[in-house]
Amino acid sequence: MGQQMASQRRTELVEGLMASFPQVPREAVIKEDLLRGGMAFDESALSGNEDGDVKPKSYFIFSFDHRTLPELGAAALNRPPEEIVLTGGPYELRRTVVSVRVNPASPYVVRAGEDGALGLYLDGARIADVGLPPMPDYYRHTLSNGKSVMEVAPTIQWGYLVYLTVFRVCQYFGAKEECQYCDINHNWRQHKAAGRPYTGVKPVEEVLEALEIIDRHDTARTSQAYTLTGGAITSHIGGRDEADFYGQYAKAIEERFPGRWIGKVVAQALPKDDVQRFHDYGVRIYHPNFEVWDRRLFELYCPGKERYIGRDEWHRRILDSTEVFGARNVIPNFVAGVEMAEPFGFSSVGEAIDSTAEGLRFFMSHGVVPRFTTWCPEPTTPLGKANPQGAPLEYHIRLLETYRATLEDFGLASPPGYGPPGPGRAVFSVSSFMDSLPAAEQEPVAP
C-alpha cells in the first residue's frame, strides 16, 4: 500500500508541476522525471541485443543506470533500447526522445498493452505511446576484426550523433581524484567483468573503419555530428598528451571524410595553444565541461580537476578558447542536479537555481552557451550512493525555465551541433534543454 501511495503521489507531483510551470513544455516535465529517476522495463519491452530489430543500449560512456549490471536482471541479459520516443497519451505529448536510464524500482514502466503496442505507464495508467529506435543498417555489419560498429562508433540522439569514446577510462582515479558523480571507471570494470566487449583505447584505424560503414549505410544522412571523448588524460597515452591524443582522431576523420560530420570534442579546459591544435585538426565545437558552478561544490565534487587545473583557471581557459573557436562553438556542459546532492549541496531548490543561474549568466555574458546533462545518480558513485533519488523534479523544471530566460536575456540562440530545438523536434536525449527552447532555425557552425 505504501509503495502504491508513493507512486500515486508521483502523478500528482508531475501534474502539479505542469500546472505551476505552464511555460515549460509538458514533454520536458515527463522527460526530466524519466532522466532523473529512470524507467523500468517489462520483459515485453526489451530489445534483443544486437540480433533484433531494435537498436540496443550501447553504454557509450557511463552506465546511466540506477542499478549495476548484476542487479538489472533481465535488462542486463536482454538489453533495453538505447532511447525511446514518447507521443500522445492524456498529456498529448509531441514527439519526445528520451535516453534510457534503467531503474527497476521506477514508478514509470515501459510495457506492452493488451493490444501488444508499447506504452509508458505511471500508476498503472498509460501516459504515452512508446516508439523504439530501429536497428540501423550499419549496426548489422562488423569490422574486419569482428568488432561491432556499436562497440566502436555507437550512435545516439536517434542517430544524429556518432559517439566516439576513444578512451574508456579516466586518469583521474580513486576517491581523491574522480569526479564524485561519474562512473566512467566503474562502467569499464562492470562491462569487462560481464564479459562484454568494451575496448579501452580504440585504435584510429578501427574508428575510421566503423565510420566508413556508417557513411556507406546511412544513406539518409541521419548522422550529422560526431563527438570525440573519454576520460581525462593527466599524463600521456602512447606518448601523446590530451590534445594530441584526441586530436589525432579528428585529423584522421577529417582527412578521410572531409565535412561529412560536425566534429566535436569533449576534453578538459586546456591551454589556448592546445585548444588551437584541436581546431587545426578539424574539430569545430569544443566542450570543456565546467560540471558544477558553485566554488565549494566544484572543489568537493571534482577533486582531480581542482588539483590539476583549478576552478578559476578552468573558467579562464573556457573564455580563452573562444578566441580559437568563436564563443558560439564553445559549449561547456554541467551536470544538472548535483547542486542539491547531500550532504554538501544546497538544501533548497531556490538556492540551487540561484547558484546555477549565476554560472549561466557568467558564461552567456561572454557569448558562451553552456548545455547540461540531467544527473543520473549511478549507484557506484559517492553522490549516487548518498542520493539514490537524485535531485527534486522541481529543480530540473525550474532550471529549464531559468535556462531559457537567461538565453533570451542575452539574445542568444540554442547551441549548434545538437540538432533542432523545440518541443516535438528535439533529438538531444540526455536533458530537455533543447525540447524547452523555441523551434527556430539554428545558425551554422563556424568554419
Side-chain angles (χ1 to χ4, degrees), residues 35 38-39 41 45-69 72 74-85 97-103 110 131-143 145-169 182-202 206-207 209-211 213-214 217-218 222-231 249 261 264 266 373 376 378 419 427-430:
L35 291 173
M39 63 188 84
F41 281 84
L46 295 175
S47 70
N49 297 318
E50 293 178 69
D51 300 323
D53 295 325
V54 175
K55 185 181 187 181
K57 182 168 177 171
S58 62
Y59 291 89
F60 51 89
I61 185 166
F62 312 116
S63 74
F64 282 135
D65 284 335
H66 291 252
R67 298 287 189 275
T68 62
L69 276 178
L72 289 181
L77 299 174
N78 195 16
R79 296 191 190 196
E82 184 76 81
E83 295 150 330
I84 60 173
V85 65
V97 180
V98 187
S99 178
V100 165
R101 300 174 174 187
V102 184
N103 181 3
V110 179
L132 301 180
M135 182 72 80
D137 288 343
Y138 47 80
Y139 269 22
R140 301 186 187 279
H141 298 267
T142 59
L143 278 63
N145 61 10
K147 288 185 179 180
S148 68
V149 171
M150 186 181 80
E151 159 61 11
V152 178
T155 55
I156 60 172
Q157 297 172 26
W158 220 256
Y160 175 87
L161 180 68
V162 185
Y163 207 93
L164 301 172
T165 311
V166 292
F167 181 40
R168 277 275 179 65
V169 292
C182 176
D183 79 341
I184 184 173
N185 289 331
H186 174 78
N187 196 38
W188 154 262
R189 290 190 293 267
Q190 73 168 355
H191 280 261
K192 299 303 286 186
R196 292 182 170 187
Y198 214 68
T199 307
V201 176
K202 297 178 180 177
E206 289 185 5
V207 170
E209 187 177 356
L211 290 175
I213 294 170
I214 292 174
H217 294 279
D218 179 22
T222 301
S223 62
Q224 296 183 35
Y226 67 81
T227 290
L228 286 164
T229 187
Y249 295 89
W261 293 279
K264 308 195 287 184
V266 179
T373 301
C376 176
E378 289 122 334
V427 295
F428 187 66
S429 58
V430 294

When you measure from the side chain of Ser148 to the backbone of Glu151, do you find a donor-acceptor pair of N or O atoms at a distance under 3.5 Å? yes

For the backbone of Leu69 and the side chain of Gln190, can you confirm whether one donor and one acceptor N or O come within less than 3.5 Å of each other? yes

Any donor-acceptor pair under 3.5 Å linking the side chain of Lys264 with the backbone of Thr229? no

So, does Asp183 use its side chain to make a donor-acceptor pair with the main chain of Glu378 at under 3.5 Å? no

With distance as the sole test, does Lys202 use its side chain to make a donor-acceptor pair with the main-chain N or O of Arg168 at under 3.5 Å? no

Main-chain N/O of Gln157 paired to Glu83 side chain as donor or acceptor, under 3.5 Å: yes

With rounding to the nearest 0.5 angstrom, report the CZ to CZ distance, Phe41 to Arg79. 13.5 Å

Within the side chain of Tyr163, is there an N or O that forms a donor-acceptor pair under 3.5 Å with the backbone of Phe60? no

Whether the side chain of Arg67 engages the backbone of Leu72 through a donor-acceptor N/O pair (distance < 3.5 Å, no angle test) should be reported. no

Sequence neighbours excluded, which residues qualify as ring pair (Phe, Tyr, Trp, His ring centres under 6.0 Å) partners of Phe167? none

Distance (rounded to the nearest 0.5 Å) between Ile156 CD1 and Lys55 NZ: 8.5 Å

Pro56 and Met150 have their tightest heavy-atom pair at CG-SD, 3.6 Å

